[in-house]
Amino acid sequence: MKALIEVCKSDITTLKVDAIVNAANCSLLGGGGVDGAIHRAAGPKLLEECKTLGGCEPGDAKITDGYALSARYVIHAVGPIWQGGTHDEESLLERVYKRSFQLAIEAGCESIAFPNISTGVYGFPKKQAAKIAIATTQTIVEQVTSLKKIFFTCFDEENYDLYMKLLSKDD
Ligand code: ADP
């Protein structure tokens, strides 16, 4: 059976899923936005593990334990910083979603929740980012049977509306 894709409007740290994805920065040593929220909710051991990872390149991701979170794993995904669209931002965003799925699948996850990577402080245009996130996810869903549920966690109204619209179009 194909995985179900759901859009939800919630704080990603509260979700009971196998893995939540963090919109991290290259250092993997914590930041603001969703990264700060995840580190606060997971507790200090998360930072301790992140310190051992040696950072992460844009377009790549690394997996850790979820510690105090309900989620078993955190996948720290480094999205591109928007620089006007001329610095490979679109393919880097696609790559970071693919890589996050790959890590989740390797860890045996059946459920995974994504935030809207790069659309906060990193400034990626929201509609363009949503289209890439959805298209990449739909490709994975066609290819992989071990995943059961994929959540797009939309924290702001604009992203929520965009995802609802884009996903209902395909029905
Ligand atoms: P980036 O640096 O990749 O842009 P941000 O953390 O600034 O990362 O923003 C990414 C997205 O995460 C934004 O759409 C923001 O609204 C959202 N966000 C912030 N806090 C949370 C949270 N607790 N749960 C889910 N999404 C969140």
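Scope of the values below: all heavy atoms of this structure, side chains included, with no hydrogens, waters or symmetry mates. In each ligand, atom 1 is the first atom listed, and ligand 1 is the first ligand listed.
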Cation-aromatic face contact Lys9/Tyr160, 6.0 Å, 45 degrees: yes

Sequence-distant partners of Phe114, ring pair (Phe, Tyr, Trp, His ring centres under 6.0 Å), two or more places apart: Tyr97, Phe101

Side chain Thr136, main chain Ala133, donor-acceptor under 3.5 Å: no

Contact residues of ligand 1, where a non-hydrogen atom lies under 4.0 Å away: Ser10, Asp11, Ile12, Ala23, Gly33, Val34, Ala37, Asn116, Ser118, Thr119, Gly120, Val121, Tyr122, Phe155, Asp156, Asn159

Partner of Leu28 under side chain to side chain contact (heavy atoms under 4.5 Å, CB included), chosen from Thr64, Leu53, Thr52, Leu47: Leu53

Expected output: side-chain Asp18 to main-chain Ser111 donor-acceptor under 3.5 Å: yes

Among Glu49, Lys45, His39, side chain to side chain donor-acceptor pair (under 3.5 Å) partner for Tyr67: Glu49

